[in-house]
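Comments concern the structure below.
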Amino acid sequence: MTKYQEIAASMPVEDRPIPQKEISGLGDFLGIYGGEHIAATEFAIGASLLTLGVKATDIFIGLFFGNILATLTYALICAPIGVDTRLTLYSYLKKVMGPYMQKIYNVIWGIASIAMAASMLSVSASALREIFGVDLQTEWYPTDIKYVLIVLVLGIVVTLVAANGFNAVAKFSSVCIPWMIIVFAGGFFVVIPQLVQATGSESIHSIGDFLALMNNSVFTGEVVEGGSKLTVFHVAGWAWMCNLAYHGGLNDMAMFRYAKTWKYGFITAYGMYLGHFFAWASAGIMGATAAILLNQSLLVLDSGAITNAVFGWVGLLAVVVAGWTTANPNIYRASLAYQTIFTKLDIKKLTYIIGAVATFVAFFPAASNIMSIVNMIALVVPAVGAMVIAEHWILPKIGGTRYWSTFKGWKLNYAGLITWAVCLIYVAIMEVTGALHSYFLWLPEYIMAIVLYLILACAMGARKDYSEQAEEDRKVTEALAELAENERNEIPDKVPNHPGARKVCAWISYAILAVFAILTLAVFFGAATVTFYKTYAMVLTILYFVFGALKTVFAYADVSVKTATA
């Protein structure tokens with residue numbers, strides 16, 4: 001064994017690039033980015049769009065362009081570095097920023113991911129609250145033991161899925177998402193007739209009729225008490241920054257390290273436009289309609305109350321499933337972040353602990369305040385992603401060397417620490433003074449982080465000659481890749497024993513979805529009643545998940561294996 005192979009073998013597993021054999025295909029990414037962005041948060045965020053004081057036309061235009069920018073950030077910034085390194089951000093930070101700053105960041109990001117997962121569980125519990133007769137949770141603490149038990153069950157489910165890694169998260173989402181798309185389509189085709197009837201409006205015969213209904217009854221442009229009048233630019237800024245921590249902040253390197261090509265980054269448009277355009281608009285329509293039907297202010301209605309009013313039990317289940325598909329990857333990310341700190345703890349055991357913490361936090365209804373959580377994440381962590389981009393892509397082009405601070409023997413990249421501190425001070429000043437709206441202030445912060453880091457890095461020695469250290473690092477990287485491939489080849493490939501049964505279950509589940517879609521359209525065109533829809537949509541839902549689950553079991557359960565090759 002060479003010196004470099006010995007160094008590679010001594011490195012923790014989480015610091016090694018994934019082997020080529022573990023790279024995933026298109027379907028897994030469609031499942032993940034559909035599952036994460038067609039989420040329980042869409043019910044809360046979509047309804048909150050009603051309170052922004054923006055008319056329907058500005059909402060649609062803002063969401064359209066904001067999500068284009070988000071997709072491009074995924075595809076042109078996050079995916080390329082994920083594919084190039086085959087590492088998570090949480091591990092890559094050790095080489096770029098040093099182990100001390102890596103741990104600081106990972107602690108902060110882990111907390112943020114746990115908070116997001118807890119928020120998903122809390123929103124999902126609001127749906128089951130309707131079924132089990134739990135009172136609306138208006139305090140920051142739980143006021144009903146049944147609510148706590150509901151959250152506990154939900155938390156167990158998402159933790160078990162997340163503990164089984166990337167593939168389990170992807171496959172779980174892949175089953176749920178086609179059904180979720182049909183349900184959110186119901187936000188238009190099933191709920192619009194209810195809104196027309198409740199408001200006494202004219203039936204919709206054109207796009208003009210639809211926009212008139214939206215402007216008069218949904219996105220009216222009225223500012224809620226204590227709010228401020230926003231514009232189409234605010235809407236676009238919000239859509240762009242909503243997942244900034246994951247794309248501009250590079251946290252989805254954890255996902256894209258499995259991609260065959262960086263071009264998979266464009267797949268996120270599937271999640272962006274179904275989740276952050278179509279689903280947000282759909283949820284807004286649901287919220288406005290529920291408020292009218294229940295004769296209550298939207299501000300006092302939670303996601304469960306809204307979906308139950310317009311969809312019945314199938315809507316409640318949609319909130320639950322959407323919460324699961326978003327909580328799963330967040331618990332998974334938090335586990336990867338804390339794996340770099342608790343290196344001696346098995347990743348599965350660590351995931352169980354993190355899932356338990358997220359579940360405990362979700363016991364408190366205040367965790368459902370998704371807007372505060374998203375804003376916190378979007379404003380605190382992206383600057384680190386900007387510095388990593390500067391180090392990985394830009395610094396070598398201006399005469400610098402990647403990992404220069406590590407080559408100098410520093411445990412902490414002082415250029416990175418100072419830059420991050422300056423960015424946080426900037427954010428704090430902007431937030432306190434209100435000089436720049438929070439939907440906009442991240443972009444100057446991001447640019448500031450790139451420019452300031454490059455200046456400080458060059459001043460602190462990034463442009464010195466590190467050719468000897470760089471060559472050593474290259475050889476260790478090659479040894480790591482070889483080691484990863486050899487270890488992965490020792491694991492035999494699993495082969496499904498029942499491919500025919502899997503195909504039959506898949507086709508049956510697709511046929512059920514087709515019937516569900518036809519039923520949804522039938523309500524819109526007056527061929528079926530909402531009551532009929534609420535009854536049979538739930539029956540179709542149960543059948544779909546039965547056959548969808550069987551399809552997954554036949555495809556991915558432990559089955560026969562191929563003989564491993566050397």
Side-chain angles (χ1 to χ4, degrees), residues 38 42-64 130 180-224 235 274 277-316 318-319 515-538 540-541:
I38 306 175
E42 274 44 279
F43 292 102
I45 294 174
S48 72
L49 292 176
L50 305 176
T51 67
L52 297 183
V54 184
K55 299 290 281 186
T57 304
D58 288 341
I59 288 285
F60 296 140
I61 292 174
L63 293 182
F64 178 79
E130 292 279 331
M180 283 296 303
I181 293 172
I182 301 297
V183 171
F184 270 109
F188 180 85
F189 294 108
V190 174
V191 178
I192 285 292
Q194 298 179 64
L195 181 60
V196 169
Q197 183 177 4
T199 58
S201 304
E202 296 290 333
S203 297
I204 296 176
H205 300 290
S206 66
I207 294 178
D209 293 340
F210 170 70
L211 289 176
L213 179 64
M214 293 297 99
N215 283 321
N216 294 329
S217 303
V218 182
F219 305 110
T220 62
E222 295 180 5
V223 180
V224 298
V235 177
L274 286 177
F277 183 93
F278 176 66
W280 280 0
S282 179
I285 296 170
M286 294 183 208
T289 305
I292 295 171
L293 293 176
L294 298 173
N295 194 27
Q296 289 183 281
S297 169
L298 181 63
L299 299 178
V300 301
L301 297 177
D302 61 15
S303 300
I306 290 172
T307 54
N308 188 42
V310 297
F311 278 150
W313 279 27
V314 72
L316 299 179
V319 179
V515 174
F516 197 171
I518 292 170
L519 175 60
T520 301
L521 291 172
V523 176
F524 182 74
F525 290 109
T529 65
V530 173
T531 302
F532 184 86
Y533 172 89
K534 289 181 178 180
T535 301
Y536 289 97
M538 192 63 192
L540 292 170
T541 291

Test side chain to side chain contact (heavy atoms under 4.5 Å, CB included) applied to Phe311 and Tyr533, step by step: CA-CA 8 Å; Phe311 278 150; Tyr533 172 89; 3.8 Å; yes
Determine whether [X] and [Y] make a side-chain contact, defined as any pair of heavy atoms from C-beta on separated by less than 4.5 Å.
X: Thr541; Y: Val183; answer: no
X: Met214; Y: Ile285; answer: yes
X: Val515; Y: Tyr536; answer: no
X: Leu293; Y: Gln197; answer: no
X: Leu213; Y: Ile192; answer: yes

Heavy-atom closest contact ([X] atom, [Y] atom, distance):
X: Ala528; Y: Leu519; value: CB-CD1, 4.2 Å
X: Ser217; Y: Ala288; value: O-CB, 3.6 Å
X: Phe277; Y: Phe60; value: CE1-O, 3.2 Å
X: Leu274; Y: Ile181; value: CD1-CD1, 3.6 Å
X: Val218; Y: Gly284; value: CG1-O, 3.7 Å

To the nearest 0.5 angstrom, please state how far the CH2 atom of Trp313 sits from the OG1 atom of Thr535.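 These two atoms lie 11.5 Å from each other.
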Rounded to the nearest 0.5 Å, the CZ atom of Phe189 sits from the CD1 atom of Ile182 at a distance of 9.5 Å
Could you walk me through whether Val235 and Phe219 pass the side chain to side chain contact (heavy atoms under 4.5 Å, CB included) check? CA-CA 12 Å; Val235 177; Phe219 305 110; over 6 Å; no
Just by distance, do the side chain of [X] and the backbone of [Y] share a donor-acceptor pair under 3.5 Å?
X: Asp58; Y: Val54; answer: no
X: Asn215; Y: Lys55; answer: no
X: Gln194; Y: Val310; answer: yes

Residues at least two apart in sequence or cross-chain that pass side-chain contact (heavy atoms from CB on, under 4.5 Å) with Ser282, listed by chain then number, are Phe184, Met286
